[in-house]
2 protein chains.
Amino acid sequence: MSDLAAALDIVGARWALLIVERLLDGPQRYGDLQRDLGVPTNMLAIRLRELEAAGVLIRLPLRHNTRAYALTDRGFALREAIVALGNWGRRDS
Amino acid sequence: MSDLAAALDIVGARWALLIVERLLDGPQRYGDLQRDLGVPTNMLAIRLRELEAAGVLIRLPLRHNTRAYALTDRGFALREAIVALGNWGRRDS
DNA sequence: ACCGGTCACTTGTATTTTGCAAGTATGGAC
DNA sequence: GTCCATACTTGCAAAATACAAGTGACCGGT
């Protein structure tokens, strides 16, 4: 399995990279991610679990039934790839 | 829609980036891609059509019923993103 | 002209993933 | 206690993907 295939195994699923991109700006709560991205709530729950299991993000308990999701170092290491893909998507360079 | 979402709309589908990565080494034929990547043949046909429609690659007729798939400039512009994702997937840096 | 092989697909169907709508659980404020 | 917000879960339909088999065009040899 190539390096690229290994990466896509973790962040290749739908919404995964968009979630990580959103977290590059700092920790976000579940409802924020859902509203900002328009991702279906069940998919968001599944992706957050997968990304946490992969060491990309962690859950930070805030108050009672509120928590925030924050990138780990490994998660922030995706910034280069996300920026590169974003630049390509802007199709002007 | 963000730049990243626009990019993923084109190369976010399964196998798409792996196909492009393979073509970074130069034009390849259908059967080569299929054997090298292990992608199901119907998915390969669909992806190649989509990537051609998106201007990422073109078909080069070779002989009779043989043709090659080659990246366009826009396709080669994905190299940075692919390299960045590959580096991340290697999980050592 | 016929046969066999290669190449680039298509077609049919099962399985997995995703999307949508609604419901559940927990805790705090009042 | 009731109400509300937050973070999910659950059930089911729709879409994407995987697997297996088949199709059509062309060529080279006989």
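The chains referred to below are lettered A, B, ... by the order of the sequence lines, with proteins before strands, and numbering in each begins at 1. Below, all heavy atoms of this structure are taken into account, side chains as well, without hydrogens, waters or symmetry copies. Just so it is clear, the structure is predicted and the values come from calculations on it, not from any experiment.
- Near DNA chain C, meaning a heavy atom under 4.0 Å from it, residues 1-8 of chain B has no residue at all.
- Residue B/Arg74 comes nearest to B/Gly55 through the heavy atom pair CB-O, 3.7 Å, listed as atom of the first residue, atom of the second, then distance.
- Taken residue by residue, residues 23-32 of chain B places heavy atoms nearer than 4.0 Å to DNA chain C at B/Arg29, B/Tyr30, B/Gly31.
- Nucleotide C/dT11 holds its P atom 9 Å from the CZ atom of B/Arg49, rounded to whole Å.
- Considering only residues two or more places apart in sequence or on other chains, A/Ala7 meets the side-chain contact (heavy atoms from CB on, under 4.5 Å) condition with B/Leu85, B/Trp88.
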Produce the list of close N/O pairs, under 3.5 Å, pairing protein atoms with atoms of nucleotides 26-30 of chain C; give distances to one decimal.
residue	atom	partner	partner atom	Å
C/dT26	O2	A/Asn65	ND2	3.0

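- For A/Asn65, there are no side chain to side chain donor-acceptor pair (under 3.5 Å) partners two or more places apart in sequence or in a different chain.
- Counting all heavy atoms, side chain and backbone alike, B/Ala70 lies closest to B/Pro27 at CB-CG, 3.9 Å.
- Evaluation of the salt bridge (Lys or Arg N to Asp or Glu O under 4.0 Å) test over residues 11-20 of chain B, restricted to residues two or more places apart or in two chains, returns none.
- Side-chain atoms of B/Leu23 and B/Leu33, non-hydrogen and from C-beta on, do get closer than 4.5 Å to each other.
- In this structure, B/Gln34 atom CD and C/dT10 atom P are separated by 12 Å, rounded to whole Å.
- Remark: A/Gln34 pairs with A/Tyr30, A/Thr41, A/Leu44 by the side-chain contact (heavy atoms from CB on, under 4.5 Å) rule, at least two apart or across chains.
- Here the closest heavy-atom approach between residue A/Ile10 and residue A/Ala54 is recorded as CG2-CB, 3.6 Å.
- A heavy-atom distance below 4.5 Å is found between the side chains of A/Ile82 and A/Leu24.
- With sequence neighbours excluded, the residues satisfying side-chain contact (heavy atoms from CB on, under 4.5 Å) with A/Ser2 are A/Leu4, A/Ala5, B/Leu18, B/Glu21.
- Residue A/Arg67 is in sugar-phosphate contact alone, with no base atom involved, counting any heavy-atom pair closer than 4.0 Å across all strands shown.
- No side-chain heavy atom of A/Ile58 sits less than 4.5 Å from a side-chain heavy atom of A/Tyr69.
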A correct 5'-to-3' footprint of nucleotides 17-23 of chain C, with B, S and - meaning base, sugar-phosphate only and no protein heavy atom under 4.0 Å, is -SBB-B-
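- Residues B/Leu17 and B/Val11 come closest through the heavy atom pair CG-O, 3.7 Å.
- You can see that DNA chain D meets the heavy atoms of chain A within a 4.0 Å-exclusive cut from D/dA5 to D/dG11, reading 5' to 3'.
- By the side chain to side chain donor-acceptor pair (under 3.5 Å) test, A/Asp9 pairs with no residue at all, sequence neighbours left out.
- Considering all non-hydrogen atoms of both residues, B/Gly38 and B/Trp15 come closest at O-CH2, 4.0 Å.
- Under the salt bridge (Lys or Arg N to Asp or Glu O under 4.0 Å) criterion, the residue pairs touching residues 58-73 of chain B are B/Glu52-B/Arg59, with sequence neighbours excluded.
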